[in-house]
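Predicted, not measured: the structure shown is a model, and the values here were computed from it. The analysis underlying the following values was restricted to heavy atoms, covering all of them including side chains, and did not include hydrogens, waters or symmetry mates. Numbered from 1 within each chain, the chains take letters A, B, ... in sequence-line order.
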Amino acid sequence: MWRILRQIARNGIRSEAPPAGNDALRVDGEQIQREILAILGQALSIREVDAGSCNACELEINALNNPYYNIEGLGIRFVASPRHADMLLVTGPVARNMELALRRTYEATPAPKLVVAVGDCGCDGGIFGEGYASCGRVANVIPVDVAVPGCPPEPIEILRGILTAVRRGRQG
Amino acid sequence: MLIAQFIEDLEHLPGPLPMHYRTVRADTWRRVAQAVSEAGGRLLSLWGSDRTRGASGSLVISAAYVVREGLLWLDLPLGERSVIDPQHPSYPDLVPFFPCAAHLQRAAADLLGVVAEGATDRRAWLNHGAWPANWHPLRRQDPHPGLPAAQEVTDYAFVRVAGDGVHEIPVGPVHAGIIEPGHFRFSVVGEKVLRLEQRLGYKHKGIEKRFTELPPLAANRLAGRISGDSTVAYAWSYCMALESLASCEIPERACWLRALLLERERVANHLGDLGALGNDAAFAFGLAQFSRLREDWLRLAKEAFGHRLMMDGIVPGGVASDIDRSSADRLFRQCDSVEREVLQLQQVYDEHSGLQDRFMTTGRVTPELASQLGLTGLAGRASGQAVDLRCDQPWAPYDRLQVKIATCSDGDVAARVMVRFAEISESLRLLRVILCRLSEGAGETRRELRLPAKAALGAGWVEGWRGEVFVALEWDGENGSNGIRRCHIHDPSWQNWPVLVHAVIGNIVPDFPLINKSFNLSYSGHDL
């Protein structure tokens, strides 16, 4: 136990430093929280759906849970069921074998729901394009509010995409 | 075992590893399978290709074996008709010798319409109904069919377990965490798993066909997106295959830089997995600490190589960019700091009784079972299979690094954790040697690749963090066609997914996420 405590004490809090004017990361973080509190009260729940990615986008989405981005500290949570979600975060070109599963996940998400497509593949099919087994971009299958380009987008860009969708959700 | 003892006239494929090629007839195909199996060799991959050219040529089934002297790639041209099924050319079944051939053969049936004689399981594997069962995407002559509307495939015949109190738990394809899609069907009594059946293929997006539509000198980008966590390993394998068929030897400095990327990829994945394994055993401290280290690791990768996951760093003929002395210094220092921290965390993991209680004896694969089923890569080494390409066939620059293999014979989650710790430590040592070497001077890092004006074969074979990654490439340079005719991709997950099924038997359902994570297999690398 003392080793654990010593390790925690030695490392301290690593979540990105508080805003010092141009600290873009942290400023984004704060905006996200204000926006979410204004719109959704306490929290934003996200259901992540991999519809056919190469799994690099998943690695970067998972990174949002690390102490630097500390996404839960911003009141954003990844949930296990679309029925608990306010937002779907969808990666990949949509594999035709995933098309039905994605549609069903969308239908199972309660309205008003937001959809953020993550990565070049989700935006426009990426290097996989459309073919006998790929439907291409996410918007070919379900309505998309925001598309975050990048291969894969860095965690901070994914956060930015989530914020943009929340804003658009409020206007819409 | 000497390949020459049971097969003659082998053609040597150019490349940094010993790779051999030969076209055979059905009787030799069967004889070699038996001989390799009896001599303790392994089946690396199996795939089908369409080699028809107008009226000549035929469909071909290929197998890649690993024996002590290297890799053996066999092609078996198939007759138009077979005795068992008039619609589909057939070949001798390899499952009796290598159980891991089962899924590979089912995939070849879906993609090319070739079947294994006597195979008992003929269910579709990759085709879930998104394209007609009688249309095969890798055949040349068939016109593209009108694709059916998305339909629900409800008739997949899962094997049912009957008995008092047995019930089924269907999971997926959309899983509860931030992970890839696949379907697991558990048959359980109470909490105990009696049987697990997997259904994969949800991520199939036609990568092998896509390769044939891309220019060969740009397709390394696609190779780097087969399985994002192994982007370096795939890019290296693909480029090695292309360099092999072009007989291009890459500059020495490019070899060292490629190994730098590959070892960094290994460490990045092991750091992520060790954190996630802690978390799956309810030890959130582990996730926080290891995910912090991983983030530091990725951020420095971004600064040094321009990409957090080091995508597109390996290109045909060499590497995209060099590193300067100051980057090398920083990368070196990071190895020191990460090593220090990982040692401390390893002590915490080792001494934490609650964690060890979840890890030990959970999801066990004995060395005997591992050997029988062909468990490979990291998971194989944790079940006593001392196989690591960097040690067995050290290609440049591994021939000058003397990689120390990490093995354990317990075969449980704890063993797979232990092997990860040991491999991090070894990779950090290798990284420091590589960085010292790179600091000594500059040099050429990329060589122009001249693709031959004829048909040619090439192969790439690399030990990624999960296990051996293999690429078989068929080039058509005749009559100015200059295109990839076939690119077959193989991920070690093909071998290991079926073994996961055995690892879970007798465990409780709540331990499945932990066991699954300890293997951490690729869905996208498998589904293609």
Could you pull out the closest heavy-atom pair between [X] and [Y], with the gap in Å?
| X | Y | answer |
| --- | --- | --- |
| B:I178 | A:N65 | CD1-ND2, 4.0 Å |
| A:M98 | B:V174 | CE-CG2, 4.0 Å |
| B:M311 | A:A56 | CE-CB, 3.7 Å |
| A:G52 | B:K205 | O-NZ, 2.7 Å |
| B:R225 | A:C151 | NE-SG, 2.9 Å |
| B:R308 | A:P155 | NH2-CG, 3.4 Å |

Legend entry - Check: B:G201 main-chain N/O paired with A:N97 side-chain donor or acceptor under 3.5 Å: yes

Legend entry - Expected output: side-chain A:N55 to main-chain B:S227 donor-acceptor under 3.5 Å: no

Counting heavy-atom pairs under 4.5 Å to chain A, which of [options] comes out on top?
| options | value |
| --- | --- |
| B:S524, B:A276, B:A176 | B:A176 |
| B:G275, B:G272, B:S230, B:P137 | B:P137 |
| B:D312, B:L287, B:L309 | B:L309 |
| B:E213, B:Q289, B:H307, B:R221 | B:Q289 |

Legend entry - Between A:R47, A:E130, A:E48, the one whose heavy-atom pairs under 4.5 Å with chain B are most numerous: A:R47

To the nearest 0.5 Å, how far apart are [atom1] in [X] and [atom2] in [Y]?
| X | Y | atom1 | atom2 | value |
| --- | --- | --- | --- | --- |
| B:E341 | A:Q7 | CD | CD | 5.5 Å |
| B:L293 | A:N66 | CG | CG | 10.5 Å |
| A:R10 | B:Q344 | CZ | CD | 4.0 Å |
| A:L5 | B:F285 | CG | CZ | 8.5 Å |
| B:R210 | A:I127 | CZ | CD1 | 7.0 Å |
| A:I4 | B:Q347 | CD1 | CD | 12.0 Å |

Relative to chain B, which segment of [X] carries a heavy atom at a distance below 4.5 Å: side chain, backbone, both, or neither?
| X | result |
| --- | --- |
| A:S81 | neither |
| A:V94 | neither |
| A:P82 | neither |
| A:T91 | neither |
| A:F128 | both |

Part of [X] lying under 4.5 Å from any heavy atom of chain A:
| X | result |
| --- | --- |
| B:L222 | both |
| B:E351 | side chain |
| B:I207 | side chain |
| B:F283 | side chain |
| B:H175 | backbone |
| B:L298 | side chain |

Inset, instruction - Kindly indicate, with the supporting measurements, whether the criterion side-chain contact (heavy atoms from CB on, under 4.5 Å) is fulfilled by B:K203 and A:S53. - result: CA-CA 7 Å; B:K203 302 188 90 176; A:S53 79; 3.5 Å; yes

Inset, instruction - Return yes when atom CZ of B:R123 has more than 12 non-hydrogen atoms of other residues, nucleotides or ligands closer than 6.0 Å, and no otherwise. - result: yes

Legend entry - Stepwise side-chain contact (heavy atoms from CB on, under 4.5 Å) check, A:Y69 with B:E295: CA-CA 10 Å; A:Y69 304 105; B:E295 180 70 17; 2.6 Å; yes

Inset, instruction - Examine the side chains of A:N11 and B:R292 and answer whether a donor and an acceptor come within less than 3.5 Å of each other. - result: yes

Inset, instruction - Would you check, one step at a time, whether the test side-chain contact (heavy atoms from CB on, under 4.5 Å) holds for A:L59 with B:R294? - result: CA-CA 11 Å; A:L59 293 174; B:R294 180 180 153 91; 3.8 Å; yes

Legend entry - A:Y132 ring center near B:H136 ring center (under 6.0 Å): no

